[in-house]
There are 2 protein chains.
Amino acid sequence: MADVARLAGVAISTVSRALANPGRVNEKTRLKIDAAAKQLGYTPNAMARNLRVGKSNIIMIILPGSLYYGVSQIIPQVLQSINNALIQNGYHLMIANLDRDEMSERHILDLAFSGTVRGAIILSSKLPEVDGRSLANAGLSIVSMLLDMSEAGLPSVVTNDREAVREVTAELIRLGHRRFLYIAGPEGNYHDVERYAGTLEALRAAGLTEEAVTRSGGYLGYQEGFEIGVEAASDFARLPDKPTAVIATSDDMAVSFISRVQRMGFNIPGDLSVVSFDGSPVCEFSSPPLSTIEQPAEEMGQAAVGLLMERIDMTDKGMATRHVIPSRLIRRESFALVPSNSA
Amino acid sequence: MADVARLAGVAISTVSRALANPGRVNEKTRLKIDAAAKQLGYTPNAMARNLRVGKSNIIMIILPGSLYYGVSQIIPQVLQSINNALIQNGYHLMIANLDRDEMSERHILDLAFSGTVRGAIILSSKLPEVDGRSLANAGLSIVSMLLDMSEAGLPSVVTNDREAVREVTAELIRLGHRRFLYIAGPEGNYHDVERYAGTLEALRAAGLTEEAVTRSGGYLGYQEGFEIGVEAASDFARLPDKPTAVIATSDDMAVSFISRVQRMGFNIPGDLSVVSFDGSPVCEFSSPPLSTIEQPAEEMGQAAVGLLMERIDMTDKGMATRHVIPSRLIRRESFALVPSNSA
DNA sequence: TTGTAAGCGTTATCAT
DNA sequence: ATGATAACGCTTACAA
């Protein structure tokens, strides 16, 4: 910057102003400075700037360690939409992985307390906390995405899973289905709670009870949704009264489940209807094409960044809002009338 | 840091030393300082540190804009392995997207010239260059991954695609196949060149000519590999002499291709053997399970980071090395003897 | 409108 | 082994 100033024949501070607040400097001077900067191929040093203003322009996205649990299929879209939205606002995106170990928690806390990042978008239900340092008290702006953490004080971007699955279940009931298999991801988290609740609501509304549904999955030991689907297929094989409809809480689970039960000789959707969550592109090309409740990654990413930007400018951080994005069912062939021979 | 110094009763510079070079300070003093730091919940400011030492500890990964072109399925694994390897070395990972527009190039150049990042791992064949600023001259350490750019001076981590596809093609020939369909990604890039060359080499070694293979795909207009597979299925439908074996250059392409030709009534592998590239987890659960030439994301990520670390410490950047990671065929049912009724 | 100068939180040099 | 101090490159009062 000193070089640019010298070349343009002005003071350093004028260069700084010309580059950051072009309005607050004389037109002629500005042009001289721009020319000098371009000639020298000058780009302001971001670390110096951030140090001086006391804020970083980096946001971190905290991904749950087992990427392949649940929404793995849409992670690339999520990253892309968040990154684009951040760039629009002058921010950059850093990746942080939160595993079930203290090291990864510590790493994230360092990122926060060292001032490396200014804010975070978190896709996990756990806020890192080690040795008295907690992400909640790091002075960051944080927004949750996918999971509702508004009760923990974080603005959250979620989809209306409960409602969506309730409607889908109702439709399955309308198609004659009376016995369901529900394949759960990590038990007890927001997605599981909401989606299972939606399923039960639809059952009750139709005069059925929780006995109509068998739960599978819910273990925390698995790395990938695929494994859960495989396990669910074994569960299915053991059931004396076969369910005729399956609700899988991720596309991965549905894909591997279908693969296994087809191998056992069951026909989809002839013997068994299947619907899952996420809206992965691959569902369209599964055989049969898979019905899936879309998680609108693009919109969610944008919304999350929007909320984050609000939080960042906010002086008084009030209540945590909950931003619900409607998800829709993409209906494909995996979904049909109950088989006529079904009891 | 001043607070810690005061509490520990030492000078600021001693605190700095104690935290950064614990060896160069008296045992007792160090303990006092550590205690004070912990008591105050102190974490050193990264931006100040980086400014002072003149280096950032952030590495960016440059992803090609159309994420779903080619290797999209393994991007999450790639990110995870790179991030883990970087953390081991005290670095963080930032995401950058390189689209086919000037804005994204400019953005990446800013990241580089502003000193925000110290190095880059690039998964694209194009180095950003706008207005005289070029990524090649930004003073960064850069490593290429997936594509061989060693001739452009970048250490590169690649798989032995040519050899792998040559062997697979030879095996298909052994199984009796004589007519091939090759589904290309972006035409002319390293993957396309190598993989097609490997196919031809195997054909020639068996006394066949290039006429044995029909090329499909190769357009740059598509966003997703899936679309290319769909298009290839149309091409396939139009061919008078149907190929009996298909080599798809990504799993996405194979999945959508299979879905479409199955719908046309073709049986895999009865009528048609299929093999593809990438080793996406989903291939195992396709129907039929898909043979795929694995791209070992984990190893490649680690190797890329390894090369990058070498480059960073290197005073004299000599030749760009090429690091080849062997990929292997995961053989599954999509792959069989040529149909007996084939001409 | 522009210039002067202080200071952001570190590290590194040089004394002590 | 420790302490005082300058400097990294920028922004921002405040003064001119």
Side-chain angles (χ1 to χ4, degrees), chain A residues 1-37 40-58 90 92 110-118 138-140, chain B residues 1-37 40-58 90-92 110-118 138-139:
Chain A
M1 192 173 261
D3 296 344
V4 176
R6 206 173 308 119
L7 181 57
V10 296
I12 295 184
S13 57
T14 308
V15 175
S16 172
R17 259 184 306 246
L19 267 34
N21 300 47
R24 299 177 38 114
V25 73
N26 185 299
E27 172 78 15
K28 267 179 72 178
T29 321
R30 215 200 60 219
L31 289 173
K32 256 193 322 201
I33 292 174
D34 285 350
L40 294 175
Y42 168 75
T43 308
N45 182 292
M47 294 179 308
R49 169 174 216 292
N50 291 340
L51 173 60
R52 174 60 233 237
V53 302
K55 322 175 152 162
S56 151
N57 62 345
I58 300 176
H92 305 304
D110 283 344
L111 245 18
F113 283 91
S114 67
T116 302
V117 304
R118 172 87 172 280
L140 299 191
Chain B
M1 191 173 259
D3 296 344
V4 176
R6 205 172 310 120
L7 182 57
V10 297
I12 295 185
S13 56
T14 307
V15 176
S16 172
R17 257 186 309 249
L19 266 34
N21 301 50
R24 298 176 40 113
V25 73
N26 186 302
E27 172 79 13
K28 267 179 73 179
T29 322
R30 215 200 61 220
L31 289 174
K32 254 194 322 201
I33 292 174
D34 285 350
L40 295 176
Y42 168 77
T43 309
N45 182 292
M47 294 180 307
R49 169 173 217 291
N50 290 340
L51 173 61
R52 175 61 232 234
V53 303
K55 321 173 152 164
S56 151
N57 62 344
I58 301 176
Y91 288 88
H92 304 305
D110 284 344
L111 245 18
F113 283 92
S114 67
T116 303
V117 304
R118 173 84 172 281

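Proteins get letters first, then strands, A, B, ... in listed order; numbering begins at 1 in each.
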List the atom of [X], the atom of [Y], and the distance in Å for their closest heavy-atom pair.
X	Y	answer
A:Val117	A:Ser56	CA-OG, 3.7 Å
A:Ala18	A:Val25	CA-CG1, 3.9 Å
B:Val4	B:Ala37	CG1-N, 3.9 Å

Q | Partner of B:Thr29 by side chain to side chain contact (heavy atoms under 4.5 Å, CB included), out of B:Val15, B:Asp34, B:Thr14 | A | B:Thr14
Quick one: [X] [atom1] to [N] [atom2], roughly how many Å, whole number?
X	N	atom1	atom2	value
B:Lys28	D:dT2	NZ	P	10 Å
B:Arg30	D:dT2	CZ	C1'	16 Å
B:Arg6	D:dA4	CZ	P	13 Å

Q) Can you name the side chain to side chain donor-acceptor pair (under 3.5 Å) partners of B:Arg118, sequence neighbours left out? A) B:Tyr91
Q: Quick one: list whatever passes side-chain contact (heavy atoms from CB on, under 4.5 Å) with B:Thr43, sequence neighbours left out.
A: A:Asp110, A:Phe113, A:Ser114, A:Arg133
Q.
Going 5' to 3' along DNA chain C, between which two nucleotides do contacts with chain A fall, using a heavy-atom cut-off of 4.0 Å?
A. C:dT1 to C:dG9
Q | Below 4.0 Å: OP1/OP2 of D:dG9 and any side-chain N or O of A:Tyr42 | A | no
Q. When Watson-Crick pairs (N1 to N3 and N6-O4 or O6-N4) and G-U wobble pairs (N1-O2 and O6-N3) count only below 3.5 Å on both distances, what is the dot-bracket string of DNA chain C, with | for other-strand pairs?
A. ||||||||||||||||
**Q.** Counterpart residues, salt bridge (charged side-chain N to carboxylate O under 4.0 Å, His left out), relative to A:Arg24 (two or more places apart)
**A.** none
**Q.** Stepwise side chain to side chain contact (heavy atoms under 4.5 Å, CB included) test for B:Leu31 and B:Lys28
**A.** CA-CA 5 Å; B:Leu31 289 174; B:Lys28 267 179 73 179; 5.7 Å; no
Q.
As an exercise, state the distance from CE of B:Met1 to CD1 of B:Ile33, rounded to the nearest 0.5 Å.
A. 9.0 Å
**Q.** Full working for side chain to side chain contact (heavy atoms under 4.5 Å, CB included) between A:Ile58 and A:Asn50
**A.** CA-CA 10 Å; A:Ile58 300 176; A:Asn50 291 340; 5.7 Å; no
**Q.** Under 4.0 Å protein heavy-atom contacts per nucleotide of nucleotides 11-16 of chain D, with B for base, S for backbone only and - for none
**A.** BB----
